[in-house]
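These figures come from a predicted structure and were not determined experimentally. Per chain, numbering begins at 1; letters A, B, ... match sequence-line order.
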Amino acid sequence: MAPEDTRSDTAAGHGGAPPGRTTGAWVTVGVLLAVGIVVPLLVFLYDQEKPTLWGFPFYYWFQFALIPVVSVLTYTAFRIAERATARDRRAHGLGPAAGRKGGFQ
Amino acid sequence: MTGGVHGVELAIFLFFFVLVTVLGFVAARWRRGEHLESLDEWGLGGRSFGTFISWFLIGGDIYTAYTFVAVPALLYAGNMIGFFAVPYTIILYPIIFVFLPRLWSVSHRHGYVTPADFVRGRFESKGLALAVAVTGVLATMPYIALQLVGIQVVLEVMGIGSDQGSWLGKDLPLLIAFAVLAAYTYSSGLRAPALIAFVKDTLIYLVIIVAVIYLPTRLGGWDGIFSAAKTSFGHANTAAVAAGKPPSAGIIPAQPLHWAYVSLALGSALALFMYPHSLTGVLASKNRSVIRRNAALLPAYSFLLGLLALLGFAAVAAGIKTDNAQLAVPLMFRAMFPGWFAGIAFAAIAIGALVPAAIMSIAAANLWTRNVYKAFINPSATPKQEATQSKLISLVVKFGALIFVVALPNEFAINLQLLGGVWILQTLPALVGGLYTRWLHRYALLVGWAVGMVYGTWVAYLQPSAADPHAHFGSSLALIPFSQTKGYIALTAFVLNVVAVLVLTPVFRALKVGEGVDETHPSDYHADAGDPGVRDVPLDEPGAAATAG
């Protein structure tokens with residue numbers, strides 16, 4: 001395998017950057033996303049009626065509350081991933097990723 | 001119950017329907033590249049969509065008649081499991097975040113338009129690519145069928161296409177709607193649903209916001225809605241017990257139902273991005289960041305989906321009585337709102353079904369053309385022949401969906417979509433597994449796919465519906481073998497699939513069965529727009545320049 005093959009979403013970049021430089025960032029991304037996937041599936045945490053909020057049983061408002069929470073987790077993961085990607089790309093002598101210029105058109 | 005045709009309501013509905021039809025045909029000129037004739041232009045809109053358009057487009061894929069008709073129908077009927085749609089769309093986005101950027105990158109390096117393209121390139125297996133392609137086309141049909149049921153429901157409530165009278169009188173309006181959809185999809189490709197999605201989402205936001213703010217004030221607040229639902233389901237349970245049946249209605253799932261809830265959410269979330277239409281929207285985005293940013297922005301739609309689901313309870317509280325639970329929410333709009341607003345609501349629901357139906361049929365057609373027609377039937381097809389083939393197959397797929405509407409029980413149309421999920425999930429090991437590792441053996445993946453498909457289809461076939469004990473494909477839940485727990489058939493079949501792949505891969509490797517040549521390179525999985533070798537069009541169409549973006 002060629003040297004530039006080692007860059008992956010879980011492993012750190014090689015070459016220009018010190019090894020392990022973005023590992024922590026990618027682990028953080030993984031943990032944030034894992035929380036967002038696992039917690040909504042733990043039905044025993046929220047299969048109750050009380051306490052109600054604005055008339056919504058706990059079961060329902062808890063799941064609604066998870067939507068912005070997971071959204072924030074995902075957005076945080078996005079920001080960390082963007083920075084880590086930029087570092088990984090510099091380490092491989094690539095220019096800034098296209099998305100850094102903004103995606104609206 | 002439907003009570004004849006209402007003039008204002010119908011006029012408003014027709015106004016919006018004609019508007020989107022005109023937009024659908026005009027779309028052919030919108031943001032147009034040099035050659036609409038090529039498959040990439042027709043099928044992926046030139047792959048130039050940024051965050052804003054992608055957000056609408058992907059939302060259009062995800063929030064459909066499924067959301068407006070199928071899910072609330074379950075809650076109306078006292079089946080609280082239907083709220084699984086909320087955790088499903090919550091966990092979807094972290095899942096998207098992980099693997100779709102890899103697929104975007106490798107697809108743009110190699111000009112892949114379909115998941116089967118990737119599988120063929122990664123595993124050098126035309127057989128596996130064929131399996132993925134055929135599964136994609138097959139699984140899309142019941143999903144489109146759900147959309148058609150959604151349109152049918154709205155037309156029935158409006159008193160056109162009522163259940164009385166001849167077959168033609170019943171289905172003619174649906175067939176007209178269907179023909180219009182087919183015609184503009186044929187001429188404009190993905191641009192049609194992308195442009196219409198703006199109208200659709202504007203209408204839908206309007207309807208939902210008015211509904212969720214206004215309806216509770218009429219129905220004693222959310223408190224009143226939940227307690228009315230609880231009381232009504234309590235009576236239903238008492239009646240069920242008196243009739244010798246187990247009580248099943250309620251607003252919170254009891255412990256034995258937790259796995260059904262979790263498996264439906266997880267199975268649906270894993271399955272969604274295996275569908276060719278979801279991938280079409282993703283591949284059409286401009287770069288990797290658009291995908292990840294969308295993963296954080298799309299949950300705005302989940303909130304609406306949850307509130308829409310609860311309209312099922314609101315219909316109970318509003319005293320709507322109907323044998324067809326799918327009519328409950330449209331009937332409530334008629335009962336609670338003036339005719340003009342009911343017309344807008346019905347237009348929103350119908351257009352909300354048309355847009356995804358168009359996207360789905362385009363994606364299934366691309367899949368067929370690339371991976372069946374070009375791979376097996378006419379390898380030397382010109383780009384123009386490919387585009388023609390795709391257009392024709394998009395019609396065939398829609399007719400296939402009509403067959404599902406007619407042949408399968410559709411008192412709960414969500415089962416149609418969930419049946420699609422049973423099939424499409426069996427392509428996950430090859431697609432997602434392939435994005436991360438080359439260790440899995442192509443023949444093990446093929447056998448695993450076959451195991452999952454046969455088991456899933458057979459078990460689904462055995463499920464009667466609640467209304468008819470002799471029906472087939474009546475439920476998407478079944479007992480997990482050797483247990484007393486019910487779960488989503490797709491997930492059980494998927495586990496068997498993965499076990500077969502993991503057991504057989506070492507066997508095929510030990511027997512030194514050829515594993516094929518991988519045409520992808522590890523750096524392909526991270527490439528972004530502007531990197532060397534990343535391109536907007538497939539190799540076979542160098543003349544089709546990307547649209548300005």
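In terms of heavy-atom proximity, B:Phe226 sits nearest to A:Gly55 at CD1-O, 3.2 Å. Summarising the geometry of B:Ile91 relative to A:Ile37, their closest heavy-atom pair is CG2-O, 3.2 Å, with the distance given to 0.1 Å. Nearest heavy atom pair, residue A:Tyr59 against residue B:Met80, reads OH-O, 4.5 Å. When every heavy atom of A:Pro40 is checked against every heavy atom of B:Pro87, the shortest pair comes out as O-CB, 4.1 Å. When every heavy atom of A:Pro68 is checked against every heavy atom of B:Phe303, the shortest pair comes out as CD-CE1, 4.2 Å. For the residue pair B:Ile90 and A:Gln63, the shortest heavy atom distance occurs at CD1-O, 3.5 Å.
Using a 4.5 Å cut-off between heavy atoms, A:Ala81 contacts chain B through its side chain alone, with no backbone atom that close. Contacts between A:Val29 and chain B at a heavy-atom distance below 4.5 Å involve the side chain alone, from C-beta outward. When heavy atoms are compared at a cutoff of 4.5 Å, A:Phe58 does not approach chain B at all.
Side chains of B:Asp223 and A:Thr52 form no contact here, defined as non-hydrogen atoms less than 4.5 Å apart.
Separation of atoms OH (B:Tyr88) and CG (A:Leu41) is listed at 13.5 Å; rounding is to 0.5 Å. The line from CG of A:Leu33 to OH of B:Tyr93 is 14.5 Å long, rounded to the nearest 0.5 Å. The CZ atom of B:Phe83 sits 6.5 Å away from the OH atom of A:Tyr60 when rounded to the nearest 0.5 Å.
Between chain B and the options A:Val35, A:Val70, A:Asp47, A:Leu66, the largest number of non-hydrogen pairs under 4.5 Å is found for A:Asp47. Interface summary for chain B: among A:Leu42, A:Val72, A:Thr76, A:Ile67, the most heavy-atom pairs under 4.5 angstrom belong to A:Ile67.
B:Pro94 pairs in a side chain to side chain contact (heavy atoms under 4.5 Å, CB included) with only one of the listed residues (A:Leu73, A:Thr74, A:Leu32), which is A:Thr74.
Within residues 306-313 of chain B, the residues that have a heavy atom under 4.5 Å from a heavy atom of chain A are B:Gly306, B:Leu307, B:Leu310, B:Phe313, listed by number.
In this view, A:Phe78 and A:Tyr75 satisfy the ring pair (Phe, Tyr, Trp, His ring centres under 6.0 Å) rule, not counting sequence neighbours.
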